[in-house]
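So the structure is just underneath, and the comments pick up after that.
Residue numbers start from 1 in every chain, and the chains themselves are labelled A, B, ... in the order their sequence lines are given, proteins ahead of strands.
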2 protein chains.
Amino acid sequence: MSYHLDVTTDQATYPILIGAGQWSDLADTVQACFKPTKVVLAADHTVAELYGAAVRLALESIGCPVSLLVCPPGESSKSTDVATDWWQALSAMAVDRHAVLVALGGGVVGDLAGFVAATYLRGLPLVQVPTTLLAQVDSSVGGKVAVNLPAGKNLVGCFWQPKLVWIDPAVLLTLSSREFSAGMAEVIKYAVLRDDGLMERLETSSDEVLSRDPDTLGPLVHRCCQIKADVVHQDPRETNGVRATLNFGHTVGHAIEKLTGYDTVLHGEAVSMGMVAEARLAERIGWTEAGLADRLERVARLYDLPTELPQFSWEQWQSAMLRDKKNIADRIAFALPRRLGCVELTADVPIEAIHSIVRC
Amino acid sequence: MSYHLDVTTDQATYPILIGAGQWSDLADTVQACFKPTKVVLAADHTVAELYGAAVRLALESIGCPVSLLVCPPGESSKSTDVATDWWQALSAMAVDRHAVLVALGGGVVGDLAGFVAATYLRGLPLVQVPTTLLAQVDSSVGGKVAVNLPAGKNLVGCFWQPKLVWIDPAVLLTLSSREFSAGMAEVIKYAVLRDDGLMERLETSSDEVLSRDPDTLGPLVHRCCQIKADVVHQDPRETNGVRATLNFGHTVGHAIEKLTGYDTVLHGEAVSMGMVAEARLAERIGWTEAGLADRLERVARLYDLPTELPQFSWEQWQSAMLRDKKNIADRIAFALPRRLGCVELTADVPIEAIHSIVRC
């Protein structure tokens, strides 16, 4: 089964194609859409080894010149240093504005390659080919691209929409269990954003989902992309509060990633812990009825996700959360659930409530 | 006399205010428009010394906290290294999205600070306060922001429109003669883009212009900004060929800057030499009648601008011009005059004609 979704933003409309075929079909689509002077394939070493040769062959066999940009796997590649290396590599390859940059990989490569595409020659066309569950349901859609600074995640970036998102759920079979579970954290987040039976599906079908049967994953990825596309359409540049609701679990989640040094805890794992903590916070301040945090904790565990916060001092938590992009002056902002299907923004959470959640 | 112009792009509409008052008026305007959590003032050491304290005092005296970003003067500050330093400085200052970045300076600071504003937290509001003639008539308007790579100028950047451009022609009195003349190169370029009497004005009033009488400069800067705003309105992201006509003189000009190492020849000086060379090229290929190049050479000399190309090998010229962002695959693109008032793009200039111009 294949799906075609359109994402409409302030910049343009672009398709998400899910399960639309093999690498040869991707190559045909890229050639037909762009007639590029060159395809620059960006990937980390792991993904380049798994799929790089096949994708390259598919493109070259239809007459499309291919160059490679590679980086080490892991969050530490999402740096200004690697971005600078890639900018210089593009200029050494004499890449022009009629080339296409294809980001083949997870969230790290999608964000890094997306930022480089957004800024090289003031913008190259970008195709996202996400190969992790997290990238397929979240980071490849919506045009947020960025690299990290030592002081925090995604502090340097742009909004740069891809021209095409190509998703093949079959590639998820090569993911480690840990990476797959991490992606499920964002799926659980969508289940909190919309009260449409997704949470029940996750609660009752964990065996099928964890077996990664493409007939189960295709519809699941499609549903998540629909929700993401709908949110991005309503608020492409995160200016009216709608898009910021996608940050449920992320204020605490980003702080965990920062405090643990980015490469210890996966983004999805941090979001899992963050969602449970932030749901407890919402209950603590009376935003939501008791029970949601426990429910989230149970479903996260079904997918082998961590739910207990790591131990840090209050000063460390506070300083990490004070760097969040959503903040206004010195107030820490959260996207908190009112109930299943309704997440709202607030920068008015009493500091004592935050303290009691992260230090409990 | 003061002027108010509006620039309308695909992103937004913003005002250019010319001769609207003192630093205290700028401070009042910034406070009224943005009510910022903080103003980050970006400048090079020279401009920071000239105006930094006064601008800071004006802002602080109305209760607006100010932080400074400074860099050495000169094109070499427009680098990924300085951009990285500034991103890290902004994160150390805990700057949030409700801050405003004010670029106080010439083209280097405007482009660098603009790129940093475009990318920090995926975009901070930007105010351009150009202090050189070149920045007042050209680089502060239109949202092109960028830094250089060793391989070429402006290879890394974005389109990021300012929220406000504040121009005080009186600050041009502190410019060196050389810097002032360099700015006149872009003024001459506008006189080629529009056949509206501007060229004659430049030919007959060089004494008044060079005396920098604000009553002469105000209307001149206003006319240039009008032309720039009109072009940017028609083609905000340089996609339909209109905006690329602003690159008259710049294919050769950028090559000169690259070959001479960016800090030897000023941008306007390179554009002056580039315009004369490209007008000769247009004559050589029969695009324009003989005479325009000589006329440009005379007017450039009136403003003490260089018109003779430096000596480089053909291989050096070719390799430098092949990195231009306007190129398509391996063809060197030019914006060439058909006649006064009409500049058009072409990537079809015979390589022998280019050779004969740069090697003559």
* Asked: Only one of A:T346, A:D348, A:I351 clears side-chain contact (heavy atoms from CB on, under 4.5 Å) with A:I332; which?
  -> A:I351
* Quick one: of B:G123, B:C158, B:A151, who has the most non-hydrogen atom pairs under 4.5 Å with chain A? -> B:C158
* Asked: Who pairs with A:D10 by salt bridge (charged side-chain N to carboxylate O under 4.0 Å, His left out), at least two apart in sequence or on another chain?
  -> A:R237
* Structure fact -> Taking a cut-off of under 4.5 angstrom between non-hydrogen atoms, the residues of residues 82-93 of chain A near chain B are A:T84, A:W87, A:Q88, A:S91, A:A92
* So how far is it from B:D111 CG to B:E75 CD, rounded to the nearest 0.5 Å? -> 8.0 Å
* Asked: Under a 4.5 Å heavy-atom cut-off, does chain B meet the side chain of A:V145, its backbone, both or neither?
  -> backbone
* To do: List the atom of B:L41, the atom of B:R56, and the distance in Å for their closest heavy-atom pair.
  => CD2-N, 4.3 Å
* Is there a donor-acceptor contact under 3.5 Å linking the side chains of A:H267 and A:E186? -> yes
* Find out whether B:V7 and B:Y14 are in side-chain contact, i.e. whether some heavy atom of one side chain is under 4.5 Å from a heavy atom of the other. => yes
* Any donor-acceptor pair under 3.5 Å linking the side chain of B:T119 with the backbone of B:R122? -> no
